[in-house]
Amino acid sequence: MRRLADMTAAQKIEAFREITLKYNLFNPVQSFAPRLAFESAAVVRNAWREILCDERFRDNVSLYFHIPYCKGQRCSYCMYYSQVPDAAVVPDSYMQYLCDEFDYFLPVAENTPFRALYIGGGTPSLMTVEQMRILLQRINGVPFDEYAEKCVEQSFLTTDVHKLRALREFGINRLSFGVQSLEPTVLANVRRDPVDISVISATINHSKALGFREINVDLMIGLPGESTQGVTSAIRRLIESGVDCVTIYIFRHLKRHLTQEGAQVSNVLDEYNTVYIPEVLQAVRETVSACGWIDTVGDDYTEYQFFSSAEHLARYDLMGYRTQPDRAARNSIMGFGHAAYSYAQDFMRYENRKRAEIFDPNDRQYVFDLIGAMDRQRVFVLDRLANHGTVELGEFAGHFQRDFLSVFANEVAELNDLHRCVVEGGTFRLCGGDRVETSALCKFFWDPQYLESLE
């Protein structure tokens, strides 16, 4: 890509549209620039110590533990770091690493009541019962908020009654099962083993009997070979099986999954995002409504949709885990394990990049970033545009003591020249015709160095 500074506004929007389709890049990404330095756990822990001395940072901190192991093979759509161990179990050496890393950071957070816990993967249910007990016993040694959500990702193919009982015994109150599809052909296309609906129903019934507060199942739309009927049938069968909620993710259709070549790829992705996804989501919403459930998102532009019953939502009062910083929520995550992503609100972020077998606090294993004011303002704007479609000028000024129209004067001027934005009644709003165009318009507020690095 040419330098963005050398492009006109019209050229930028075309470039942004092309990037959006080529990389299926719809939501803002918290990517690290290659120039960022690696720092040790000692440096990162000192940063947390200073941050958590301020009580404003202590009221919404969550814990995350990454179990980066899968059974048999990696699903072809997966973008997350994981390994496939020969024995189809989590190595004890990794569990020791995880516990040692947690123990090292724990003293700086001893006065922090954690808001939520999430153990993700990979496939956390590959842990043995004994491994679960050792890890959860350590985790339960720290204070949690009375209404903390404690969730562990599960697979219907690798969990069992003993593991579920151990999770409940140590206070886990939410389970999230990855299914993605109930169509065997689709699962074969993405190198994923199928699971019978009878197994799903039996596991859900047993989990409910153990007292888990919420049981979620993940589906994914846009997988190669799927049908709209297959998607709607899956969500209907899951509702009938007794799940409390279903999260549907939109597959980021990577180029390698397409059979077309060259310029045709962009045409296929355009059709996929502007026609196919909205049509499938509409069919899903009709199915959910017919089953007596409700759509809690109702926006084709988001990367996931969440469906549940009004009754469940009314009684579920646990405080959930958030994957990204939201300045209004003032949330933070302290993550542990290989490839775990952590952040302190929108002031600090880091990721464990090295795959060390033994934890060494002096090893420079974390890509580390103290986020400057401009990046924090970009994150705020992109979050508001992604979740609300608008930026309230008064809210921006209250957070940053700066005027939005002054900070982003060039961006607003270019969008205004393209007739793609409106400033009215103290609100800034983009004027995008569809999901692709709106995402392209948002990229006027992205970090230009990151966008240029994509090429």
Side-chain angles (χ1 to χ4, degrees), residues 38-54 57-69 81-83 85 89-145 148-153 163 166-167 169-172 321 331-344 348-368:
F38 279 83
E39 296 290 358
S40 68
V43 171
V44 177
R45 187 175 71 167
N46 286 337
W48 271 116
R49 178 180 286 110
E50 292 186 22
I51 286 172
L52 293 177
C53 284
D54 188 332
F57 285 89
R58 292 201 301 266
D59 61 356
N60 194 352
V61 183
S62 298
L63 289 177
Y64 175 78
F65 292 82
H66 190 50
I67 310 296
Y69 295 94
Y81 170 73
S82 67
Q83 301 181 35
V89 295
V90 179
D92 286 335
S93 59
Y94 181 75
M95 298 305 299
Q96 186 63 54
Y97 177 98
L98 201 59
C99 291
D100 289 346
E101 185 184 24
F102 179 55
D103 289 346
Y104 181 77
F105 278 89
L106 192 55
V108 303
E110 59 185 358
N111 296 319
T112 301
F114 290 102
R115 181 66 66 92
L117 165 68
Y118 198 94
I119 301 177
T123 311
S125 50
L126 282 181
M127 288 187 290
T128 65
V129 171
E130 184 60 24
Q131 287 174 335
M132 288 180 176
R133 289 180 182 278
I134 291 173
L135 179 61
L136 291 172
Q137 189 170 35
R138 265 186 167 84
I139 293 172
N140 281 350
V142 304
F144 279 91
D145 187 282
E149 179 182 89
K150 299 179 181 180
C151 180
V152 179
E153 290 183 351
K163 293 179 181 180
L167 293 177
E169 176 187 343
F170 280 90
I172 300 303
Y321 171 84
N331 58 309
S332 304
I333 290 176
M334 189 177 286
F336 302 95
H338 296 170
Y341 178 66
S342 306
Y343 58 84
M348 175 182 77
R349 58 187 176 182
Y350 62 93
E351 182 178 324
N352 187 334
R353 283 286 180 88
K354 292 189 177 180
R355 318 306 181 203
E357 293 187 8
I358 299 175
F359 177 72
D360 178 357
N362 297 311
D363 183 21
R364 293 177 177 270
Q365 58 194 308
Y366 303 96
V367 178
F368 181 78

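All values derive from a computational prediction rather than experimental measurement. Note that these values count all heavy atoms, side chains included, but never hydrogens, waters or copies made by symmetry. Numbering of residues begins at 1 and proceeds along the displayed sequence.
Between the side chains of Tyr343 and Asn331, at least one donor N or O sits under 3.5 Å from an acceptor N or O. Using a 3.5 Å distance cut-off with no hydrogens or angles, the side chains of Gln96 and Asp100 do pair a donor with an acceptor.
Evaluation of the salt bridge (Lys or Arg N to Asp or Glu O under 4.0 Å) test over residues 135-145, restricted to residues two or more places apart or in two chains, returns Asp103-Arg138. Counting only residues at least two apart or in different chains, side chain to side chain donor-acceptor pair (under 3.5 Å) contacts with residues 108-119 comprise Tyr118-Glu153.
Using a 4.5 Å heavy-atom cutoff, the side chains of Tyr69 and Pro91 are in contact. Counting heavy atoms from C-beta outward, Asn352 and Glu101 have side chains that approach closer than 4.5 Å. Put simply, the side chain of Tyr97 does not reach to within 4.5 Å of the side chain of Ile358, judged on heavy atoms. At a threshold of 4.5 Å between non-hydrogen side-chain atoms, the residues Leu126 and Val89 do not count as touching. Side-chain contact check for Val108 versus Asn46: every heavy-atom pair is 4.5 Å or farther apart. Side-chain contact between Thr123 and Ile67 is absent, with no heavy atoms from C-beta onward closer than 4.5 Å.
Residues Gln365 and Asp360 share a closest heavy-atom pair of NE2-O, 3.2 Å. Smallest separation of non-hydrogen atoms from Ser40 and Pro361: CB-O, 3.3 Å. Taking each heavy atom of Ala47 and Phe368 in turn, the nearest pair found is CB-CZ, 4.0 Å. Asp92 approaches Gln131 most closely through the heavy-atom pair OD1-NE2, 2.8 Å. Closest non-hydrogen pair, Phe57 versus Val61, comes out as O-CG2, 3.1 Å. Shortest non-hydrogen contact noted between Ile134 and Cys99 is CG2-SG, 4.3 Å.
When each of Phe336, Phe114, Tyr64 is checked for a ring-ring contact (aromatic ring centres under 6.0 Å, His included) with Phe102, only Phe336 meets the rule.
The CE atom of Met132 sits 9.0 Å away from atom CE of Met95, with the distance rounded to the nearest 0.5 Å. Atoms CD1 and OG, on Ile119 and Ser125 in that order, are 11.5 Å from each other to the nearest 0.5 Å. Atom-to-atom distance recorded for Phe359:CZ and Tyr104:OH is 6.5 Å, nearest 0.5 angstrom. Note: Tyr94 OH to His338 NE2 = 5.5 Å, rounded to the nearest 0.5 Å. The CG atom of Leu117 lies 13.0 Å from the CZ atom of Phe170; values are rounded to the nearest 0.5 Å. Considering OG of Ser62 and NZ of Lys150, their distance stands at 12.0 Å, rounded to 0.5 Å.
A donor-acceptor contact shorter than 3.5 Å is absent between the side chain of Ser82 and the backbone of Pro68.
Tyr81 carries Arg355 over the face of its six-membered ring, with the cationic atom under 6.0 Å from the centre and within 45° of the normal.
Aromatic rings of His66 and Tyr341 (six-membered ring for Trp) have centroids beyond the 6.0 Å cut-off, not under it.
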Checklist line | side-chain contact (heavy atoms from CB on, under 4.5 Å) evaluation trace for Met334 with Leu52 | finding: CA-CA 11 Å; Met334 189 177 286; Leu52 293 177; 4.2 Å; yes

Point to revise | side-chain contact (heavy atoms from CB on, under 4.5 Å) between Trp48 and Cys53, worked out | key: CA-CA 8 Å; Trp48 271 116; Cys53 284; over 6 Å; no

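Judged as a salt bridge (Lys or Arg N to Asp or Glu O under 4.0 Å), and not counting sequence neighbours, the contacts of Arg133 are Glu169.
The aromatic rings of Tyr350 and Phe105 sit parallel, their planes meeting at an angle under 30°, below the 60° perpendicular limit.
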